[in-house]
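For reference, the structure is listed below as structure tokens.
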Amino acid sequence: MATIAPAGQTPATPLADAILDTLVHRIGKDQKAARPHDWLAATIQTVRNDVIERWMASTRDAHAKGAKRVYYLSLEFLIGRLLRDALSNLDQTKAIAEALASLGVDLAEIEEIEPDAALGNGGLGRLAACFMESMASLDLPAYGYGIRYVNGMFRQRIDDGFQVELPENWLQHGNPWEFERRESAYFVGFGGEVVGTDTGHVHWKVGEAVEAMAVDTPMVGWRGKRVNTLRLWTARSLDPIKLDAFNRGDFQGALADQLRAETLTRVLYPNDSTEAGQELRLRQEYFFSSASIQDIVRRHIQYFGDIRTLSDKAAIQLNDTHPAVSVAELMRLLVDFHDLGFDEAWDITRATFGYTNHTLLPEALESWPLPLFERLLPRHMQLIYAINAKLLREARATGADDRAIAAISLIDEGGSRRVRMANLAFAGAHSVNGVAALHTDLMKQTVFADLHRLYPDRINNKTNGITPRRWLQQCNPGLTALIREAVGDAFLDDTEALEPLAAHAEDAAFQEKFAAVKRANKAALAQHLKDLMGLRIDPAAMFDVQIKRIHEYKRQLLNIIETVALYDQIRSHPELDWVPRVKLFAGKAASSYHNAKLIIKLANDVARRVNSDPAIGGLLKVAFVPNYNVSLAEKIIPAADLSEQISTAGMEASGTGNMKFALNGALTIGTLDGANVEIRDRVGADNIMIFGLTADEVAKRRADGYNPRAVIEGSPELAQALSAIASGVFSPDDRDRYKGLIGGLYDGDWFMLAADFDSYAAAQRQVDGWWDDRGLWNAMAIRNVARVGWFSSDRTIREYAKDIWGVL
Ligand SMILES: *Cc1c(COP(=O)(O)O)cnc(C)c1O
């Protein structure tokens with residue numbers, strides 16, 4: 001539509017023409033008045049046309065083949081920005097960049113203003129996003145099901161070193177990626193009572209109902225092979241404005257239902273690995289589970305006619321226990337609406353579901369007070385009792401004693417009675433998987449020991465992975481280009497084909513190019529941090545990075561204490577040859593998690609003191625980068641030299657940050673926890689810095705009566721750092737600020753910081769030694785890149801598809 005371009009500015013390409021046409025006719029702006037957000041919207045809508053065509057073709061293809069579909073149910077999808085991902089996966093980055101350039105627009109600039117879709121807290125939600133991309137890339141017909149939160153993860157601001165939580169208005173400019181499906185809507189009921197009917201059926205007379213409406217987002221796979229659907233539910237009241245109330249002039253009454261319904265999908269619970277014990281949370285879980293299961297059953301009946309074949313045509317994966325009520329919901333539909341007998345319904349249910357466990361932390365194992373559950377979901381409570389009776393009969397038949405029965409039961413009878421969602425998910429699934437080898441072993445030994453004895457074939461391992469498209473190709477184009485030059489393009493389709501890169505590890509010329517890429521990424525990050533927060537850092541220093549949710553088990557505090565100890569040493573011995581380091585921290589703390597928030601403040605207090613101390617000559621810099629999210633991770637990770645993965649052994653189920661760093665050529669300093677164990681096995685023990693207690697040793701120390709005070713007294717370096725922090729050296733404005741935090745280490749130290757401190761500090765000095773031998777460092781970093789291709793989420797998804805879903 002060249003006619004609309006002003007004279008002399010005729011677009012150079014048909015693509016530019018298309019973008020301009022979209023800008024004018026869809027966005028309603030002319031080229032002169034268009035602002036960056038208008039260009040972003042026009043670009044996305046233009047790219048979207050191609051996406052939509054492939055999307056429809058993918059859906060038609062699945063129908064035509066009568067293919068089994070995979071349904072991934074997750075309360076969180078941390079997908080981040082989509083434009084760069086879609087362009088890259090469709091191989092249109094260059095064409096769009098050129099088209100925009102011909103219109104005087106910089107693609108990189110508009111990519112930066114796309115909101116980061118943060119519908120998740122951390123690793124669990126990001127895993128779901130990587131899985132969606134890999135399922136499309138492997139051409140699996142799959143749907144993601146979740147909630148369309150109006151306010152996703154909060155935006156974090158740091159005010160005077162303290163975390164401040166602000167609402168994230170990611171939808172304020174609209175969302176050009178999403179499609180409302182008004183025809184795909186379901187009633188979801190709550191409360192009320194269960195009554196018998198004349199026909200001997202059971203009827204749940206719900207107390208209240210809301211409507212779940214589908215909002216779909218296309219998920220583009222690598223090379224555009226397939227486009228799958230992420231279906232997120234939004235809640236609406238059944239009767240948006242009660243006309244009678246409205247007519248009486250009672251505007252508030254009229255809008256109350258609408259408001260109540262909308263509250264359901266307004267906010268993401270800002271918790272990660274801590275219990276969210278609110279009724280609203282259970283309502284959210286049931287709301288999205290019910291809508292998703294109804295949608296799955298409706299689709300099955302529509303295409304295959306017979307509900308009895310459900311498990312042949314549908315595999316439903318539960319991402320942690322948040323959707324576990326789906327087990328009872330499917331049973332309800334099968335028994336109450338499809339007239340199946342209980343036993344037959346149970347066989348179908350178990351054959352359909354798989355369950356992924358993500359944590360062993362007792363405080364994160366979901367359970368609901370029985371009275372609450374019964375009040376909100378009376379029919380489901382009945383079904384859970386029936387399932388439990390069957391389960392416990394089976395257990396007794398194998399000779400389980402009372403202790404084992406109590407552990408297996410779906411109801412926790414200790415103290416106030418609670419419904420155990422992990423046990424429900426375990427019982428209702430044919431597969432229960434952990435997310436790293438160590439985690440899976442610990443599942444068998446701890447939380448699920450008795451259920452494992454009863455069903456010894458059910459637990460299996462699926463070590464997590466990350467999509468190499470986002471976490472290498474898109475976030476690190478420099479390294480991607482260098483690898484292509486060195487070993488060809490095979491790794492673009494099979495990340496394990498990075499392996500030949502290891503042959504270049506000792507090649508000085510290649511090392512130099514590799515180091516130049518890293519250096520450029522570091523310079524870019526340094527510039528970004530200068531613009532963002534006025535921070536000045538030297539790209540020649542070692543970038544030592546710990547970015548992840550702030551949690552005591554992840555031990556950011558151990559890192560900060562070691563930083564304080566190092567600061568002390570540099571001050572005492574400025575004449576020594578210290579390695580210049582930049583310590584970067586980022587991460588959000590749950591709003592109610594006091595110690596996590598205090599750790600953020602401490603990082604900022606230490607940063608202020610260290611960064612302004614002329615006595616250390618800039619050898620050490622500390623920074624807390626605000627508002628950690630996917631987009632920030634994409635900037636920081638390619639620039640990292642050292643990856644901090646230092647959780648208390650046995651507590652991090654897998655981790656995926658660890659994989660992203662290694663793939664981008666950072667060396668890991670870490671404990672033998674989660675997937676770190678398997679990363680060590682892959683890269684080789686000589687190419688990773690492992691320190692600290694093992695999971696077995698942690699358990700043994702705790703069992704033997706761990707005495708942190710004695711440990712601290714035996715380590716002068718640790719004792720001095722702790723006393724500096726506790727006495728207010730870093731908080732002169734409030735000298736007691738950290739007394740409680742540090743006191744807790746002397747008194748309990750559940751996370752074993754003291755036990756691991758000396759080992760950690762020694763490991764850090766050994767890392768300094770590696771840094772001084774740059775040839776050695778680069779060789780190790782190159783070997784890391786070459787050998788972590790196995791941690792692609794393509795490999796993980798292939799394993800799920802073969803072993804659990806039966807679709808490959
Ligand atoms: C990868 C990722 C995580 C998970 O990091 P861990 O270090 O494994 O805890 C969390 N948040 C974001 C934004 C991520 O990209």
Side-chain angles (χ1 to χ4, degrees), residues 74 76-81 84-85 115-134 152-156 168 170 268 270-274 319-320 358-359 361 364 435-436 438-439 463-472 474-476 545-556 559 584-590 596 625-640 642-648 651-664 666 668-671 673-679 788 791-793 796:
S74 179
E76 303 189 8
F77 287 91
L78 196 53
I79 53 184
R81 291 173 177 151
R84 187 167 65 172
D85 190 55
D116 186 295
L119 309 183
N121 277 288
L124 174 147
R126 184 54 232 174
L127 184 76
C130 284
F131 279 8
M132 287 306 296
E133 201 266 4
S134 276
M153 189 57 183
F154 65 82
R155 192 156 53 82
Q156 179 193 57
E168 181 62 271
W170 71 295
L268 165 76
N271 292 285
D272 190 69
S273 303
T274 45
N319 193 27
D320 213 328
H358 282 274
T359 180
L361 301 185
V435 290
L438 172 65
H439 168 232
T463 300
N464 281 168
I466 55 170
T467 168
R469 271 73 65 180
R470 186 175 292 259
W471 296 111
L472 176 59
Q474 294 160 30
C475 74
N476 202 340
V545 182
Q546 187 170 21
I547 51 174
K548 49 182 74 232
R549 287 306 297 269
I550 309 296
H551 201 291
E552 286 164 287
Y553 87 79
K554 290 176 182 279
R555 299 201 294 191
Q556 283 93 353
N559 189 348
L584 292 178
F585 295 89
K588 293 172 183 174
V625 186
N627 202 35
Y628 182 52
N629 60 15
V630 172
S631 298
L632 186 60
E634 289 171 15
K635 291 192 180 70
I636 294 179
I637 290 169
L642 187 65
S643 157
E644 299 267 355
Q645 308 299 336
I646 61 176
S647 52
T648 314
M651 302 194 88
E652 185 77 88
S654 164
T656 49
N658 46 6
M659 302 165 188
K660 299 168 194 167
F661 280 100
L663 185 59
N664 283 276
T668 303
I669 182 165
T671 47
D673 199 15
N676 295 353
V677 178
E678 291 155 87
I679 291 175
V788 294
F791 296 95
S792 163
S793 44
T796 313

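Both counts, for ligands and for their atoms, begin at 1 and track the order of listing. The basis for the numbers below is simple: all heavy atoms, side chains too, and nothing from hydrogens, waters or symmetry mates.
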Note to self: side-chain contact (heavy atoms from CB on, under 4.5 Å), that's the test. Do Lys588 and Asn627 meet it? Break it down for me.
What the structure shows: CA-CA 7 Å; Lys588 293 172 183 174; Asn627 202 35; 3.1 Å; yes
Atom pairs and distances, ligand 1 N/O vs protein N/O under 3.5 Å:
{"residue": "ligand 1", "atom": "7 (O)", "partner": "Lys548", "partner atom": "NZ", "Å": "2.8"}
{"residue": "ligand 1", "atom": "8 (O)", "partner": "Thr656", "partner atom": "N", "Å": "2.8"}
{"residue": "ligand 1", "atom": "8 (O)", "partner": "Gly657", "partner atom": "N", "Å": "3.0"}
{"residue": "ligand 1", "atom": "9 (O)", "partner": "Lys554", "partner atom": "NZ", "Å": "2.8"}
{"residue": "ligand 1", "atom": "15 (O)", "partner": "Lys660", "partner atom": "NZ", "Å": "2.6"}

Note to self: According to side-chain contact (heavy atoms from CB on, under 4.5 Å), who are the partners of Ala596, at least two apart in sequence or on a separate chain?
What the structure shows: Ile550, Ala589, Tyr593
Checklist line | Partner residues of Ser74 under the side-chain contact (heavy atoms from CB on, under 4.5 Å) criterion, sequence neighbours left out | finding: Tyr72, Glu76, Phe77, Leu124, Ala128, Asn319
Next item on the list: Could you check if a side-chain atom of Phe791 sits within less than 4.5 angstrom of a side-chain atom of Glu678, using non-hydrogen atoms only?
Entry: yes
Check: Once you round to the nearest 0.5 Å, how far does CD1 of Ile79 lie from CZ of Arg470?
Finding: 8.0 Å
Checklist line | salt bridge (charged side-chain N to carboxylate O under 4.0 Å, His left out): pairs with one or both residues in residues 120-132, sequence neighbours excluded | finding: none
